[in-house]
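Here is the structure we will look at, set down as structure tokens.
All ligand and atom numbering here is 1-based and tracks the order in the structure. FYI, side chains are in, hydrogens and waters are out, and symmetry mates aren't considered; it's all heavy atoms of this structure.
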Amino acid sequence: MEKTVSQYKVHIETFGCQMNEYDTELVRSLLKAKGFAFTEDRECADVVLMNTCAIREHAHNKVYGHLADLKALKRQRKLVVGVLGCMAQSLKKELTETAPIVDVLVGPDSYRRLPDLLERAIATQEKDNGVKGIAVDLSEYETYQDIMPERATGITAWIAVMRGCDNFCTFCVVPYTRGRERSRDPQGIIREAEHLAAQGYKQITLLGQNVNSYRFEDWDFARLITAVADVPGIERVRFTSPHPKDFPPALLDAVAGHPHICKHIHLPLQAGNDRILALMGRTYSRKEYLDLVEDIRRRRADIALTTDIICGFCTETEEEFLDTCRTVQEVGYHAAFIFKYSERKNTIAARKCQDDVSERIKSDRVTRLVDLQKAISLQKNRNMIGQTVQVLVEGDSKRSSDQWMGRTDTNITVVWAKRGSSTGPGDFRPIKISHVPATTLFGDEIPAQVASGHLRQLVG
Ligand code: 5AD
Ligand code: SF4
């Protein structure tokens, strides 16, 4: 007897950025509405979907590795395989020709078509081998405004406020895989935040490929983030990823002044040398970036900064790389994501610049910069020993169910022993930091009666 859709179990694997995690939540919601069921276990799935990332070679290779595993699985039993997201968008030809096990390919603007394409692929799965459904049109309008994502946790949630990117940094594939910038109606975003607050969520991260260029009629990002932070019950609001070109004073004032906007800005530097920044099309100089850092710190010295950096971009010399190291030292980031340049097909850099820094030199520069950043992060974290920080409890620590894990407002992970206290996920607790072996802070929960005396000292 034929199975109905509700008997088909879908397993979704997500690669890449937070926007992809969020898109997986949208996809779950769209499939659930059509009656599909889900499983965490790939082995008992009827449909395996991979929500993919195309940003670097490494992400690519991971997906190809998983496709090879699925090929073996598909030889043993009936299985529908779908590739979603950025790789589906950018590699439709390669995926249909070199990976004939893929049944369905759906790009980031076409998820509404996924349930129908899956149903069709399921119905025809024995008839032919090859792609049964492709939907990779990019849209100037799709924001999934009306779809409420199926969220995983009950404490922190993402809301995508805009999608796509118009910046065309020369190294970046995102404008090609996710299309033009478009922003959601602020009223829908605020309603979603209110709904989350009513369900007990405490923290919201506003997402966008270029989040601070958000614009809808006379709403800009400063107005939007303030409105979300004003929603009763939402205690913390974060945002990622911004571009340094879109930080008007009103946004800096909102971050520095609003008690519910986290004192943390992720400020992608990419490179600390003007020639390389110009070649990357970043539209700011080293000095302009450092002036922005100064502006931020003048408003509030305790705002934590994190960043993204690419090592070994086309024609980068040793001296130019050292400019990046000097900038990292000068800013003193809390943390940094450091990447080897990875040429992406069709980008401006792939067409116009030569990827001429050897793999060995790229790796060497990444290692040196990672070591430098580790030393800076460790110093900053150790400076917190003896201080009491306000932590949002997220759940058990990775290592032990006898410990809680939470984060400071500045997004640093804190771990402490439960010791039978009544604390639980979603609570805010003052933790006194006692030791810092590496990037995680360890401490002790301050009992409520003692904590009130500590409130003046609370940081983070
Ligand atoms: N190679 C290496 N890193 C890249 N990023 C984006 N494109 C590339 C690329 N082609 C990095 C940037 C960006 C982060 C999300 O990924 O640092 O900020
Ligand atoms: Fe890519 Fe630049 Fe857009 Fe960020 S701002 S998504 S790096 S093109």
Side-chain angles (χ1 to χ4, degrees), residues 15-23 52-62 85-87 89-91 108 138 160-183 205 207-215 221 239-247 265-273 276-284 289 305-316 321 324 327-328 333 335-357 359 361-363 365-366 369-370 373:
F15 302 81
C17 63
Q18 291 175 340
M19 187 62 110
N20 260 15
E21 302 271 357
Y22 178 84
D23 280 357
T52 62
C53 168
I55 201 122
R56 284 172 293 275
E57 185 72 30
H58 180 65
H60 252 179
N61 293 343
K62 254 169 73 184
C86 290
M87 271 178 78
Q89 194 69 44
S90 65
L91 288 177
L138 286 173
V161 301
M162 56 83 68
R163 298 176 73 90
C165 181
D166 288 349
N167 284 339
F168 288 91
C169 298
T170 61
F171 53 79
C172 187
V173 78
V174 165
Y176 308 92
T177 59
R178 288 187 167 266
R180 298 287 61 74
E181 278 179 26
R182 65 221 100 116
S183 295
T205 303
L207 290 181
Q209 265 79 39
N210 194 9
V211 70
N212 52 338
S213 76
Y214 174 89
R215 185 152 275 286
F221 189 64
F239 60 104
T240 201
S241 246
H243 189 292
K245 74 178 169 54
D246 293 314
F247 272 97
I265 298 178
H266 184 68
L267 200 61
L269 169 69
Q270 311 298 1
N273 171 272
I276 297 296
L277 282 170
L279 214 54
M280 287 177 162
R282 288 294 289 177
T283 72
Y284 52 83
Y289 182 97
L305 296 177
T306 55
T307 199
D308 290 343
I309 293 172
I310 298 176
C311 294
F313 185 62
C314 310
T315 72
E316 182 189 69
F321 166 68
T324 300
T327 313
V328 165
Y333 297 103
F337 298 95
I338 298 166
F339 308 108
K340 245 197 288 193
Y341 173 58
S342 162
E343 187 177 87
R344 305 284 76 203
K345 249 194 206 153
N346 300 325
T347 55
I348 300 167
R351 284 180 274 133
K352 301 211 166 133
C353 310
Q354 220 187 336
D355 180 15
D356 59 355
V357 178
E359 275 304 299
I361 293 179
K362 282 179 186 171
S363 299
R365 289 181 188 166
V366 166
L369 200 50
V370 165
Q373 182 55 50

Specify side chain, backbone, both or neither for N210, according to which of its non-hydrogen atoms lie closer than 4.0 Å to ligand 2.
-> neither
T205-Q18 side chain donor-acceptor pair, cut-off 3.5 Å | no
Answer with side chain, backbone, both or neither: which part of F339 has a heavy atom less than 4.0 angstrom from an atom of ligand 1?
-> side chain
Heavy atoms from other residues, nucleotides or ligands near NZ of K62 exceed 12 (cutoff 6.0 Å) = no
Numbered in order shown, the ligand 2 atoms found under 4.0 Å of a heavy atom of P175 are 8 (S)
Salt bridge flag under 4.0 Å for residues E359 and K340 = yes
Which atoms of ligand 1 sit under 4.0 Å from any heavy atom of R344?
-> 10 (N)
Could you tell me the residue and atom name of the protein heavy atom closest to atom 6 (C) of ligand 1, and the distance to it rounded to 0.1 Å?
-> I55 CG1, 3.4 Å
Which part of I310 is near ligand 1, with near meaning a heavy atom under 4.0 Å away: side chain, backbone, both or neither?
-> side chain
Salt-bridge contact K362-D355 (side-chain N to carboxylate O under 4.0 Å) | yes
When distances are taken from atom 10 (N) of ligand 1, the protein heavy atom at minimum range is S342 O, 2.8 Å
Report the nearest protein non-hydrogen atom to atom 11 (C) of ligand 1: residue, atom name, distance rounded to 0.1 Å.
-> R56 NH1, 3.2 Å
Where do C311 and L369 come nearest, in terms of heavy atoms and distance?
-> SG-CD2, 3.8 Å
Please confirm whether E343 comes within less than 3.5 Å of ligand 1 when only nitrogen or oxygen atoms on both sides are compared.
-> no
What one should report as the nearest heavy-atom pair of L279 and C314 is CD2-O, 3.6 Å
Candidate list F313, F321, F171, test ring-ring contact (aromatic ring centres under 6.0 Å, His included), partner Y341, passing option | F313
Could you pull out the closest heavy-atom pair between G208 and M19, with the gap in Å?
-> CA-CE, 3.8 Å
Is there a side-chain contact between S241 and H266, using heavy atoms and a 4.5 Å cut-off?
-> yes
Do any of the N, O or S atoms of C169 sit under 2.8 Å from atom 2 (Fe) of ligand 2?
-> yes
Correct closest heavy-atom pair for Y176 and L138 would be O-CD1, 3.4 Å
Atom indices of ligand 1, in the order listed, that fall short of 4.0 Å to a heavy atom of Q270 | 12 (C), 13 (C), 17 (O), 18 (O)
Proximity flag R178 to ligand 2, non-hydrogen atoms under 4.0 Å | no
Closest non-hydrogen protein atom to atom 5 (S) of ligand 2, residue and atom name please, with distance?
-> N167 ND2, 3.2 Å
In this structure, are over 12 heavy atoms from other groups packed under 6.0 Å from F337 atom CZ?
-> no
Any N/O/S atom of C172 sitting less than 2.8 Å from atom 3 (Fe) of ligand 2, backbone or side chain?
-> no
min-distance protein heavy atom vs atom 4 (Fe) of ligand 2 -> Q209 O, 4.1 Å
Which segment of E181 sits under 4.0 Å of ligand 2 when only heavy atoms are counted | neither
The closest protein heavy-atom partner of atom 3 (Fe) of ligand 2 is C165 SG, 2.2 Å
List every atom of ligand 2 that sits less than 4.0 Å from any heavy atom of F168, numbering the atoms from 1 in the order shown and giving each element.
-> 8 (S)
Under 30°, 30 to 60°, or over 60°: which ring-plane class applies to Y284 and Y289, parallel, tilted or perpendicular?
-> tilted
Note: ligand 2 atoms sitting under 4.0 Å from heavy atoms of F171 are 7 (S)
Subset of ligand 1 atoms that lie under 4.0 Å from at least one heavy atom of K340 | 1 (N), 2 (C)
Please report the closest heavy-atom contact between L91 and H60, naming both atoms and the distance.
-> CD1-NE2, 2.9 Å
Between Y341 and ligand 1, does any nitrogen or oxygen pair lie at a separation below 3.5 Å?
-> no
